[in-house]
Amino acid sequence: MLLFLDTANVDEIRAANSLGVISGVTTNPSLIAKEGRDFAEVVKEITSIVDGPISAEVISLDAEGMLKEAEELAAIHPNIVIKIPMTAEGLKATKACAQRGIKTNVTLIFSANQALLAARAGATYVSPFVGRLDDIGHDGIGLIFEVAEIFANYDIDTKIISASIRHPLHVLQSAKAGAHIATVPYKVLLQMTKHPLTDKGIEAFLADWAKLTGQA
């Protein structure tokens, strides 16, 4: 399973990219608004940092407007993937993008039927939201299992991005459930590097070394 970073903060993206573990970035209007910068400028800067798919979301609600935005965003860099909301108009825009060779990430997926529709419309990626389903008492990881099973049953090439990841356990469960990608906040990525036994081991090694060199 690949890891994408879910943020529009270029400092976080540079730091995560230096670890050598991320293969792409997902953004949304909320994340970019938090940065207080020009949308296109932020997206362009991200493409200069990470050599992989960069999801940038449209804000129009009609298919014609989505397609116009998609064409403008796709012109910024070949790695741009157009993030489109899961609506009837979004499906029309997804189909139009596929016909033009523009890659799409259909977002706000909360059911396996929505994922199947998006895939059949030509989506390159679908993004089921694990954490938000958990928030309302549903089984977010269960949805990943369902979508992975359906896509496998019918040899559907659309990739599953496990989104709305809240903690490292979500990442592990997404990998076991068959997600192709998990898009994680920087905070969760750093949490994944940690284990109390690793810290304890380092402390023991340093203490032994200090004794050996007479520094204890």
Which heavy atom of V126 sits nearest to which heavy atom of A115, and what is that distance? CG1-O, 3.9 Å
Should the pair E45-R14 be classified as a salt bridge under the 4.0 Å nitrogen-to-oxygen rule? yes
Would L143 end up clustered with I156 when hydrophobic side chains under 4.5 Å apart are linked, directly or stepwise? yes
Measure across H170 and G131 and return the closest heavy-atom pair with its distance rounded to 0.1 Å. CE1-CA, 4.0 Å
Taking atom CG of L73 and atom CE of M66, what is their separation to the nearest 0.5 Å? 13.0 Å
Looking at CZ of F145 and CD1 of I160, how far apart are the two atoms once the value is rounded to the nearest 0.5 Å? 11.0 Å
Nearest-0.5 Å distance, OG1 of residue T27 to CD1 of residue I46: 5.5 Å
Can you tell whether the side chains of E89 and K92 come within less than 4.0 Å, N to carboxylate O? yes
dist E41:CD -> I76:CD1 (nearest 0.5 Å) comes out at 11.0 Å
Interatomic spacing from CE in M86 to CG in L108 - rounded to 0.5 Å: 10.0 Å
Is it the case that the side chains of T183 and T26 hold a donor-acceptor pair, with the cut-off being a distance below 3.5 Å and no angle test? yes
Side-chain touch I109/V106, heavy atoms, less than 4.5 angstrom: yes
Check E64 with K68, please: is the shortest side-chain N to carboxylate O separation under 4.0 Å? no
Strictly by modelled atom types, are S162 and S174 linked by a side-chain donor-acceptor pair under 3.5 Å? yes
T7 to V25 - nearest heavy-atom pair and separation: O-CG1, 3.5 Å
Same apolar cluster (I L V M F W Y, side chains within < 4.5 Å links), L2/L19: no
Taking R166 first and then D135, would you say they form a salt bridge - that is, a charged N and a carboxylate O separated by under 4.0 Å? yes
Verify the cluster assignment for L133 and L116: are they in a single hydrophobic cluster under the rule of side-chain heavy atoms below 4.5 Å apart? yes
In terms of hydrophobic clusters joined by side-chain contacts under 4.5 Å, are I141 and F151 together? yes
To the nearest 0.5 angstrom, please state how far the CG atom of L117 sits from the CG atom of L91. 6.0 Å
With a sphere of 6.0 Å drawn around CG of N153, does it hold more than 12 non-hydrogen atoms of other residues, nucleotides or ligands? yes
Quick one: are V81 and I54 in side-chain contact, heavy atoms under 4.5 Å? no
